[in-house]
Q: 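Here's a structure for you.
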Number of protein chains: 2
Amino acid sequence: MNKNLLTLADCAPSSTAEPMARAKAEDISALLKAVADPTRLQILALIAKADLQESCACDLTGPLGLSQPTISHHLKKLAEVELVEKQRRGTWIWYSLNKTRWSQIAQLFA
Amino acid sequence: MNKNLLTLADCAPSSTAEPMARAKAEDISALLKAVADPTRLQILALIAKADLQESCACDLTGPLGLSQPTISHHLKKLAEVELVEKQRRGTWIWYSLNKTRWSQIAQLFA
DNA sequence: GCTATAAATAGACAACCATCTATAAACCAA
DNA sequence: TTGGTTTATAGATGGTTGTCTATTTATAGC
């Protein structure tokens, strides 16, 4: 996933050649699906604006008006594609953005 | 949608303030959902690599192994969020990428 | 008008997903 | 160990969506 979508298309020799490999399309799709949810976009924005750019899950339920398991579910989805990272400090688990992964998405559309 | 997601977060004064407006999150989500599908990513790549960077729907069914209505369905989704544009020339309808819209996505993750 | 081709629509169906409640697991402090 | 707090998991449910077949609409040529 080191080339963007448009240049990826150039890998094939002609306009009637094979399409982008399905497996690669599914990889990119999985990453984008994780971001393409309104609640997860709000979660990412909340983390980004928090002090030290990290939040614990319990700080997200209130502003978003969602149950704790629902927030946990979304954070798991974001962690699965490595868009957020978790770090346990005592009772709390702190979530932060993986900016490398973030900019990889930007590269896809550059 | 003229600021990216991370700076959008800065609009709020403190870490306990309101989250990103739900309506805005849903707008961005709708755009990203349109791209976050493996078949639609393949369609976009096929259009990008085609001669003159445009394809008619009938050129997509073969390489992707999908029915004509399914391709039509995906092209409609992409057109709804203005990621592709359509132009009728006789019997065929030619689809091309809206690169302005494309780069707007890149801006979100810049 | 008739026929052929391209694209869109309608309707059906299976798979996926966001959310909830209820419960369990992990951790800290007495 | 007991109790309180935070996070994760299990299971259920309603809504969304990708795909298909069948049909309709639009255009071109005879």
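These values consider heavy atoms only, across backbone and side chains, with no hydrogens, waters or symmetry-generated copies. Every value quoted in this text rests on a predicted model; they were computed, and no experiment measured them. The chains referred to below are lettered A, B, ... by the order of the sequence lines, with proteins before strands, and numbering in each begins at 1.
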Q: Looking only at the side chain of B:K77 (C-beta and beyond, no hydrogens), which of the listed nucleotides D:dT17, D:dC20, C:dT19 gets closest?
A: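 The nucleotide sitting nearest to the side chain is D:dT17.
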Q: Name the closest nucleotide to the B:C58 side chain, picking from C:dA18, C:dA6, D:dT21.
A: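 Among C:dA18, C:dA6, D:dT21, the one nearest the side chain of B:C58 is C:dA6.
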Q: Determine whether any donor atom in the side chain of A:Q68 lies under 3.5 Å from an acceptor atom in the base of D:dA8, or the reverse, and answer yes or no.
A: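 Donor-acceptor pair under 3.5 Å: yes.
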Q: Considering only D:dT21, C:dA7, D:dT7, which nucleotide approaches the side chain of A:A57 most closely?
A: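 Within the option list, the nearest is D:dT7.
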Q: Taking the minimum atom-to-atom distance to the side chain of B:C56, which one of D:dT7, D:dT17, C:dA7 wins?
A: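 Nucleotide nearest to B:C56's side chain: C:dA7.
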Q: By nearest atom, which of the nucleotides C:dT21, C:dA18, D:dT27 is closest to the B:R88 side chain?
A: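 Of the candidates, D:dT27 comes closest.
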Q: Could you check B:S29 against A:R40 for side chain to side chain donor-acceptor pair (under 3.5 Å), going step by step and ending with a plain yes or no?
A: CA-CA 9 Å; B:S29 168; A:R40 288 195 284 271; over 6 Å; no
Q: Quick one: is B:T70 getting a side-chain N or O under 4.0 Å of the D:dG18 phosphate, OP1 or OP2?
A: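 No, B:T70 has no side-chain N/O under 4.0 Å of OP1/OP2 on D:dG18.
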Q: Rounded to the nearest Å, what distance is computed from the NE2 atom of residue B:H73 to the C1' atom of nucleotide C:dA8?
A: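 Distance check: B:H73 NE2 to C:dA8 C1' gives 13 Å.
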Q: Could you state the atom-to-atom distance from CG of A:L64 to C1' of C:dA18 in whole Å?
A: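 It works out to 14 Å between those atoms.
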Q: Check step by step if side chain to side chain donor-acceptor pair (under 3.5 Å) holds for B:K99 and B:Q104.
A: CA-CA 8 Å; B:K99 293 193 178 175; B:Q104 282 175 358; over 6 Å; no
Q: Send over the distance from B:L78 CG to D:dG18 P, rounded to a whole Å.
A: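 Those two atoms, CG and P, are 10 Å apart.
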Q: Starting at the 5' end of DNA chain D, which residue's closest nucleotide do you reach first, B:D37 or B:P69?
A: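 Closer to the 5' end of DNA chain D: B:D37.
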Q: What integer distance in Å separates A:I93:CD1 from C:dC28:P?
A: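 It works out to 11 Å between those atoms.
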Q: Can a side chain N or O of B:K76 be found less than 4.0 Å away from OP1 or OP2 on C:dT9?
A: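 Yes, such a contact exists.
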Q: Check the distance between C:dA7's C1' and B:W92's CH2 and give it to me in whole angstrom.
A: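 Distance, rounded to whole Å: 12 Å.
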Q: Applying a 4.0 Å non-hydrogen cut-off, can you work out what B:R40 is touching in the nucleic acid: base, sugar-phosphate, or nothing?
A: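 Sugar-phosphate: the residue B:R40, judged by heavy atoms under 4.0 Å, touches backbone atoms but no base.
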Q: Distance check needed: C:dT5 C1' versus B:I71 CD1, whole Å only.
A: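 Atom-to-atom, B:I71 to C:dT5, this comes out as 17 Å.
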Q: What are the two closest non-hydrogen atoms of A:W92 and A:C56, and how far apart are they?
A: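 Closest heavy-atom pair between A:W92 and A:C56: CD1-SG, 3.7 Å.
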Q: Please report the shortest heavy-atom distance between B:A34 and B:L78, naming the atom on each side.
A: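 So the two residues come closest at O-CD2, 3.7 Å.
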Q: Mapping B:K86 and A:T39 onto DNA chain C by nearest heavy atom, which one lands closer to the 5' end?
A: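 Looking at DNA chain C, the more 5' nearest nucleotide goes with B:K86.
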Q: So, OP1 or OP2 of D:dA8: does either fall under 4.0 Å of a side-chain N or O from A:S72?
A: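 The answer is yes; a side-chain N or O of A:S72 sits under 4.0 Å from OP1 or OP2.
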Q: Establish, with yes or no, whether the OP1 or OP2 oxygen of D:dA28 is under 4.0 angstrom from a side-chain nitrogen or oxygen of B:T91.
A: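 Checking D:dA28 against B:T91, no side-chain N or O comes under 4.0 Å of OP1 or OP2.
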Q: Whole angstrom is fine here: how far is it from CG in B:L75 over to C1' in D:dG18?
A: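 After rounding, the gap between these two atoms is 14 Å.
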Q: Pair B:T61, B:L66 - check side chain to side chain contact (heavy atoms under 4.5 Å, CB included), show working.
A: CA-CA 5 Å; B:T61 54; B:L66 292 171; 6.0 Å; no
Q: Determine, for B:R89 against B:E54, whether the closest basic-nitrogen to carboxylate-oxygen distance falls under 4.0 angstrom.
A: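 Counted as a salt bridge, because a side-chain N and a carboxylate O are separated by less than 4.0 Å.
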Q: Whole Å only: how far is the CG atom of B:D59 from the P atom of C:dT5?
A: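 About 16 Å, once rounded to whole Å.
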